[in-house]
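Accompanying notes for the structure given below.
Letters A, B, ... are given to chains in the order of the sequence lines, protein chains preceding strands, and every chain is numbered from 1.
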Protein chains: 2
Amino acid sequence: MPHEPQNAPPGTLDMMILSLLAEESLHGYLIARRIEERSGGVLGIEEGSLYPALQRLRKRKAVTDEWSTQDSGREVRVYSITRVGRAELVATATRWRLVNAAIEKIIQDIKGGRRVKLA
Amino acid sequence: MPHEPQNAPPGTLDMMILSLLAEESLHGYLIARRIEERSGGVLGIEEGSLYPALQRLRKRKAVTDEWSTQDSGREVRVYSITRVGRAELVATATRWRLVNAAIEKIIQDIKGGRRVKLA
DNA sequence: GCATAGACCTAGTTTATCTATGCAACGGTG
DNA sequence: CACCGTTGCATAGATAAACTAGGTCTATGC
């Protein structure tokens, strides 16, 4: 039985978007789909979170956008990462891993009942 | 050069508190100190975050509290984890790790400049 | 006596997610 | 053609959980 998709923890969405855009330029809707696929269905991004996030990124010049026409003739807004965005990505990913390691130090060794005494 | 203490990512504070209380009962102020110590100074918890978190935990019966007198003669409010709290801890820690692994799948392989093409 | 640290607490702000809604174009099917 | 599900963009308001900034009181050390 698969689990319900989880929200992106606050602060992580911008980082994930930048990471996908570091690989290739994408339009908004596809970004959300990619996050869901890549996470194996664990993460689910709502459009009401996605588009505000893209606006934030644009405002701080971490991404650029360009309207483009698909083969179908349809207009989509394609986002690309900037130099500023790449720097932000490296910084936030580093901080994320640091914080996560710290949290892991605190919650380590959780068993069902009691915990293992360490020293 | 050490870094500034980071905030607890939203949703993680309750989990960390429960994890410390699973080890031993503590009063509020000490919980914050422990989180800072154990994280090697990476995490810093403000009292304005701590006490509301303890209230939440109390309301949902994840912890119990008892006023106790220290050797100094001072009154402190000591918190203990409940059965409900232990169950919550296991559940939230499992979910946290799941989500974190998913995020890691997405942001993996970030280098300074461009990324490694995988397949 | 007075400053510093320990210990508790609350009000209001901020931020980033969500839900809910709206609109429009494309694709396939009866 | 009419319909409907999916794609695609967007905004408004709700919610949650951290924060800042303030306040009170007690023990300890100089």
Side-chain angles (χ1 to χ4, degrees), chain A residues 4-18 25-37 43-60 62-63 65-79 88 92 95-96 99 102-103, chain B residues 4-18 25-37 43-60 62-63 65-79 88 92 95-96 99 102-103:
Chain A
E4 256 97 273
Q6 303 292 315
N7 302 341
T12 60
L13 180 53
D14 295 15
M15 176 175 71
M16 290 193 283
I17 291 172
L18 288 176
S25 296
L26 296 168
H27 68 265
Y29 195 83
L30 242 188
I31 292 172
R33 294 294 82 74
R34 278 276 215 288
I35 291 176
E36 293 172 7
E37 288 166 25
L43 297 173
I45 302 302
E46 298 300 326
E47 299 185 24
S49 311
L50 175 69
Y51 293 109
L54 288 168
Q55 285 174 9
R56 290 195 297 271
L57 289 164
R58 240 178 340 187
K59 270 182 204 143
R60 68 174 107 106
V63 302
D65 66 303
E66 195 179 0
W67 286 94
S68 157
T69 310
Q70 287 183 315
D71 295 347
S72 58
R74 190 169 189 164
E75 296 278 305
V76 292
R77 196 168 193 170
V78 174
Y79 292 89
E88 179 182 320
T92 57
R95 187 161 60 249
W96 171 259
V99 166
I103 291 172
Chain B
E4 256 97 270
Q6 303 292 315
N7 302 341
T12 60
L13 180 53
D14 295 16
M15 177 175 70
M16 290 192 283
I17 291 172
L18 288 177
S25 296
L26 295 168
H27 68 264
Y29 195 84
L30 241 188
I31 292 172
R33 295 293 82 73
R34 278 277 215 287
I35 290 176
E36 294 173 7
E37 288 166 25
L43 297 172
I45 303 301
E46 298 300 326
E47 298 187 25
S49 310
L50 175 68
Y51 292 109
L54 288 168
Q55 285 174 10
R56 289 196 296 270
L57 289 164
R58 241 177 342 186
K59 269 181 205 144
R60 67 174 108 108
V63 301
D65 66 303
E66 195 179 1
W67 285 94
S68 158
T69 310
Q70 288 183 317
D71 295 347
S72 59
R74 187 169 193 163
E75 296 278 306
V76 292
R77 196 168 193 169
V78 174
Y79 292 89
E88 179 182 319
T92 58
R95 188 162 56 249
W96 171 258
V99 166
I103 291 173

Please tabulate, one pair per line, all N/O donor-acceptor pairs under 3.5 Å involving side-chain atoms of residues 68-79 of chain B, not counting sequence neighbours.
{"residue": "B/Thr69", "atom": "OG1", "partner": "B/Glu75", "partner atom": "OE2", "Å": "2.8"}
{"residue": "B/Ser72", "atom": "OG", "partner": "B/Arg74", "partner atom": "N", "Å": "3.4"}
{"residue": "B/Arg77", "atom": "NE", "partner": "B/Asp65", "partner atom": "OD2", "Å": "2.8"}
{"residue": "B/Arg77", "atom": "NH2", "partner": "B/Asp65", "partner atom": "OD2", "Å": "3.0"}

Has the side chain of B/Thr12 got a donor or acceptor atom that lies under 3.5 Å from a matching backbone atom of B/Ala8? no

Nucleotide [N], atom [atom2] - distance to [atom1] of [X] in whole Å:
X: B/Leu54; N: C/dA7; atom1: CG; atom2: C1'; result: 12 Å
X: B/Leu26; N: C/dG6; atom1: CG; atom2: C1'; result: 15 Å
X: B/Ile45; N: C/dC8; atom1: CD1; atom2: P; result: 15 Å
X: A/Gln6; N: C/dA16; atom1: CD; atom2: C1'; result: 17 Å
X: B/Ile31; N: C/dA7; atom1: CD1; atom2: P; result: 12 Å
X: A/Tyr51; N: C/dA20; atom1: OH; atom2: C1'; result: 16 Å
X: B/Leu50; N: C/dT10; atom1: CG; atom2: C1'; result: 13 Å
X: B/His27; N: C/dG6; atom1: NE2; atom2: C1'; result: 8 Å

Distance check: side-chain N/O of A/Gln55 vs OP1/OP2 of D/dC9, anything under 4.0 Å? no

Looking at C/dC8, I'd like to know if its phosphate oxygens (OP1 or OP2) sit under 4.0 Å from a side-chain N or O belonging to B/Tyr29.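 No.
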
Derivation of the side-chain contact (heavy atoms from CB on, under 4.5 Å) call for B/Leu54 and B/Ile31: CA-CA 10 Å; B/Leu54 288 168; B/Ile31 292 172; 4.1 Å; yes

In Watson-Crick or G-U wobble terms, with both distances under 3.5 Å, the base opposite C/dC26 is D/dG5

N/O-N/O pairs, protein side and nucleotides 14-18 of chain D side, under 3.5 Å:
{"residue": "D/dA18", "atom": "OP1", "partner": "B/Gly11", "partner atom": "N", "Å": "3.3"}
{"residue": "D/dA18", "atom": "OP2", "partner": "B/Arg56", "partner atom": "NH2", "Å": "2.4"}

Could you pull out the closest heavy-atom pair between [X] and [Y], with the gap in Å?
X: A/Pro5; Y: A/Leu43; answer: CB-C, 4.2 Å
X: A/Tyr51; Y: A/Tyr29; answer: OH-N, 3.9 Å
X: A/Ile45; Y: A/Arg33; answer: O-NH2, 4.5 Å

Should we count CD of A/Gln55 as having more than 12 external heavy atoms under 6.0 Å? yes

What do the steps show when you test A/Leu18 against A/Met15 for side-chain contact (heavy atoms from CB on, under 4.5 Å), and what is the final call? CA-CA 5 Å; A/Leu18 288 176; A/Met15 176 175 71; 5.9 Å; no

Strand-adjacent residues in residues 67-77 of chain A, judged by heavy atoms under 4.0 Å from DNA chain D: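 Residues of residues 67-77 of chain A under 4.0 Å from DNA chain D: A/Trp67, A/Gln70, A/Arg74, A/Val76, A/Arg77.
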
